[in-house]
Amino acid sequence: MRKRILAYGRLNTHQLDALKRDFDVIDLARCADSSDPTFRAALAQAHGLIGSSVAITPELLDNAPHLEVIASISVGYDNYPVEELTRRGILLCNTPDVLTETTADTGFTLIMATARRVVELANYVKRGDWDTSIGPAQFGSDVHGKTLGMIGFGRIGAAVARRGALGFDMNVRYACASPKPALEKELGAEHRQLDDLLAESDFVCVTVPLTKETHHLIGGREFAKMKSSAIFINIARGKVVDEGALIAALEKGEIHAAGLDVFAQEPLDPTSPLPHMDNVVALPHIGSATHETRTAMAQRAVDNITLALKGKSPISPVNPDAR
Ligand code: NAP
């Protein structure tokens, strides 16, 4: 019997055709909604899932008796109950590495855009307000030579720091990561306890995964420790930050500005004050969103699910102990 795949992430025609050669594929890319009866009916038949942005709950798994593997088109896997999947013998795979550089580009875009007030001042030109030479009211802050504090120093954190250290002569500090002697040598990075990093950094950039331990890792206490000139960048997950505390810190001037790719609720709650603040650059979770990288991520997920459903080892399993 051919195994069945429920595809709810964007795959190109070539990728879908490759899956269809070996498997029966139910393509629900336009209906990635786990409460939709069509989605639930397909889930009940599926041996494999491929997609992202759908939170997989134990209740959904109860409705998926044949499920063997989930190939997430993402590196973060906070949408999945990993222990529960392992207990049920269901493999979870993700897409590390292929998105690292693109996501780091997004992080550095936010560093530059916030420091040099790019969005605010582009809007100033667009509104027709540029009627005389700009003065101190429009000046920004330098990025080169400043101190970049990385919270999390894994693949993406290191790639952001590399841009800062090698491209902009920044001093790199890192916290919330095991010692990284090779990166210390390559980038001159220095390890700090979190509170010391917050106090020392001109830019604080978060790149930890969202877990029980990192939920609200950065809140009111942490913003109070930062410099009033500090710029806060989040390219990890919205819930790593207490968003209410971030808004308060920006309103009180406890920190200078924020560049945010991720939010506690996505799409962003329309009542949120964040995108309306001049000192906030808010992006719609575009970390890995380039044509090249989204294609590479989907391809990695296709490779993972194909290998796993054929009984082979996938390239990037999250819970290899599941079988
Ligand atoms: P990674 O290589 O696993 O790096 C994660 C870093 O976080 C590591 O330095 C790790 O410490 C640290 N860390 C892990 N658990 C922690 C904890 N409980 N407390 C403190 N630090 C902890 O992952 P990555 O590939 O860089 O990706 C990081 C995250 O970025 C993903 O999980 C995802 O949520 C997010 N992301 C966002 C986008 C976007 O579109 N904005 C795109 C891609 C990824 P050690 O070094 O000691 O292991």
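- For Arg192, the side-chain hydrogen bond (donor to acceptor under 3.5 Å, both in side chains) partners at least two apart in sequence or on another chain are Glu190, Glu200.
- Applying the 6.0 Å contact sphere to CD of Glu251 captures more than 12 heavy atoms from other residues, nucleotides or ligands.
- Judged purely by atom type and a 3.5 angstrom limit, Lys3 uses its side chain to pair as donor or acceptor with the backbone of Leu309.
- Ser228 places no side-chain N or O within 3.5 Å of a backbone atom of Glu254 that could act as its donor or acceptor partner.
- Between the side chain of Ser272 and the backbone N or O of Leu268, no donor-acceptor pair lies under 3.5 Å.
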Pair Phe203-Phe232, ring pair (Phe, Tyr, Trp, His ring centres under 6.0 Å): steps then yes or no: CA-CA 6 Å; Phe203 296 86; Phe232 177 73; over 10 Å; no
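- Thr102 places no side-chain N or O within donor-acceptor distance of the main-chain N or O of Leu99, the cut-off being under 3.5 Å.
- Considering only heavy atoms from C-beta on, Val25 comes within 4.5 Å of Leu16 through its side chain.
- Under the 30°/60° scheme for interplanar angles, the aromatic rings of Tyr8 and Phe39 are found to stand perpendicular.
- Taking all atoms of both residues into account, the shortest heavy-atom contact from Ile286 to Asp261 is N-OD1, 2.6 Å.
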Candidate pair Arg88 and Asp62, rule salt bridge (Lys or Arg N to Asp or Glu O under 4.0 Å), full reasoning: CA-CA 10 Å; Arg88 294 178 188 232; Asp62 288 343; 2.9 Å; yes
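- Here the closest heavy-atom approach between residue Ala298 and residue Gln15 is recorded as CB-OE1, 3.4 Å.
- A chain of hydrophobic side-chain contacts below 4.5 Å, direct or via other Ile, Leu, Val, Met, Phe, Trp or Tyr residues, connects Val281 to Phe108.
- The heavy-atom pair separating Ala301 from Ile73 by the smallest distance is CB-CG1, 3.7 Å.
- The side-chain heavy atoms of Pro209 and Arg237, taken from C-beta on, include no pair separated by under 4.5 Å.
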Worked check of side chain to side chain contact (heavy atoms under 4.5 Å, CB included) between Leu274 and Phe263: CA-CA 10 Å; Leu274 286 168; Phe263 299 88; 4.1 Å; yes
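- At least one donor-acceptor pair closer than 3.5 Å links the side chain of Asn94 to the backbone N or O of Val75.
- The hydrophobic cluster containing Leu307 does not contain Val69, counting ILVMFWY residues as joined when their side-chain heavy atoms lie under 4.5 angstrom apart, directly or transitively.
- In summary, Asp105 and Arg163 engage in a salt bridge, as defined by a charged side-chain N under 4.0 Å from a carboxylate O.
- Of the possible donor and acceptor atoms, one in the side chain of Arg4 sits under 3.5 Å from a partner among the backbone N and O of Gln45.
- Checked for salt-bridge contact, Glu68 and Arg323 miss the test: no charged N lies under 4.0 Å from a carboxylate O.
- When the side chain to side chain contact (heavy atoms under 4.5 Å, CB included) test is applied to Asp33, the partners found at least two apart in sequence or on another chain are Ser35, Asp36.
- At most 12 non-hydrogen atoms from other residues, nucleotides or ligands lie less than 6.0 angstrom from CD of Glu83.
- The shortest distance between side-chain heavy atoms of Ile56 and Leu61 falls below 4.5 Å.
- Rounded to the nearest 0.5 angstrom, Leu217 CG and Leu194 CG are separated by 6.0 Å.
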Verdict with reasoning, Thr295 to Asn12, per side chain to side chain donor-acceptor pair (under 3.5 Å): CA-CA 8 Å; Thr295 301; Asn12 64 30; 4.9 Å; no
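- Salt-bridge annotation for Arg221 and Asp195: present, with a side-chain N of the basic residue lying under 4.0 Å from a carboxylate O of the acidic one.
- Note that SG of Cys205 and CZ of Phe153 are 11.0 Å apart. Values are rounded to the nearest 0.5 Å.
- Remark: side-chain polar atoms of Asn304 are paired, donor with acceptor, to backbone N or O of Ile315 under 3.5 angstrom.
- We find the CD1-CG distance between Ile305 and Asp22 to be 11.5 Å, quoted to the nearest 0.5 Å.
- The shortest heavy-atom contact between Leu148 and Ala161 is CD2-CA, 4.0 Å.
- Between Met226 and the choices Val204, Ile231, Asp202, Leu197, the side chain to side chain contact (heavy atoms under 4.5 Å, CB included) rule is met once, by Val204.
- Closest heavy-atom contact between Ala159 and Thr100: CB-CG2, 3.8 Å.
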All N/O donor-acceptor pairs, side-chain side in residues 131-147, below 3.5 Å, sequence neighbours left out:
| unit_1 | atom_1 | unit_2 | atom_2 | d |
| --- | --- | --- | --- | --- |
| Gln138 | OE1 | Gly135 | N | 3.0 |
| Lys146 | NZ | Asp142 | O | 3.0 |

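- Counting heavy atoms of neighbouring residues, nucleotides and ligands inside a 6.0 Å radius, atom NE2 of His291 does not exceed 12 of them.
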Thr293 and Val98: CA distance, side-chain angles, deciding distance, side chain to side chain contact (heavy atoms under 4.5 Å, CB included) verdict: CA-CA 7 Å; Thr293 292; Val98 294; 5.6 Å; no
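- Here the shortest heavy-atom pairing between Asp24 and Arg2 reads OD1-NE, 3.1 Å.
- For the pair Leu91/Ile70, no side-chain contact is recorded, criterion being any heavy-atom separation below 4.5 Å from C-beta on.
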Thr95 vs Ser316, side chain to side chain contact (heavy atoms under 4.5 Å, CB included): CA-CA, chis, key distance, verdict: CA-CA 7 Å; Thr95 64; Ser316 36; 5.6 Å; no
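- The residues Glu84 and Arg87 are annotated as salt-bridged, a charged nitrogen and a carboxylate oxygen being separated by less than 4.0 angstrom.
- Using modelled atom types and a 3.5 Å distance limit, the side chains of Thr86 and Asn319 yield a donor-acceptor pair.
- Within the model, atoms CZ of Arg162 and CG of Leu183 stand 6.0 Å from one another, a figure rounded to the nearest 0.5 Å.
- Ion pair Glu59/Arg40 flagged as a salt bridge, since at least one NZ, NE, NH1 or NH2 atom sits closer than 4.0 Å to an Asp/Glu carboxylate oxygen.
- Here the side chains of Leu198 and Asp196 are not in contact, with every heavy-atom distance at 4.5 Å or above.
- Within the 3.5 Å criterion, the main-chain N or O of Ser178 finds a donor-acceptor partner in the side chain of Lys180.
- With rounding to the nearest 0.5 Å, the separation of CG in Leu246 from CD in Glu222 is 12.0 Å.
- Judged purely by atom type and a 3.5 angstrom limit, Asp278 has no side-chain atom pairing as donor or acceptor with the backbone of Glu120.
- A donor-acceptor contact closer than 3.5 angstrom is absent between the side chains of Ser52 and Ser74.
- The CD atom of Glu266 sits 9.0 Å away from the NZ atom of Lys239 when rounded to the nearest 0.5 Å.
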Working for side chain to side chain contact (heavy atoms under 4.5 Å, CB included), residues Gln299 and Asp303: CA-CA 6 Å; Gln299 187 58 47; Asp303 294 342; 3.0 Å; yes
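- Side-chain atoms of Ile50 and Ile5, non-hydrogen and from C-beta on, do get closer than 4.5 Å to each other.
- In this structure a side-chain-to-backbone donor-acceptor pair under 3.5 Å is present from Thr57 to Leu60.
- Within 6.0 Å of atom OH in Tyr77, 12 or fewer heavy atoms from other residues, nucleotides or ligands are found, so the atom counts as exposed in its surroundings.
- There is no side-chain donor-acceptor pair under 3.5 Å between Thr109 and Thr106.
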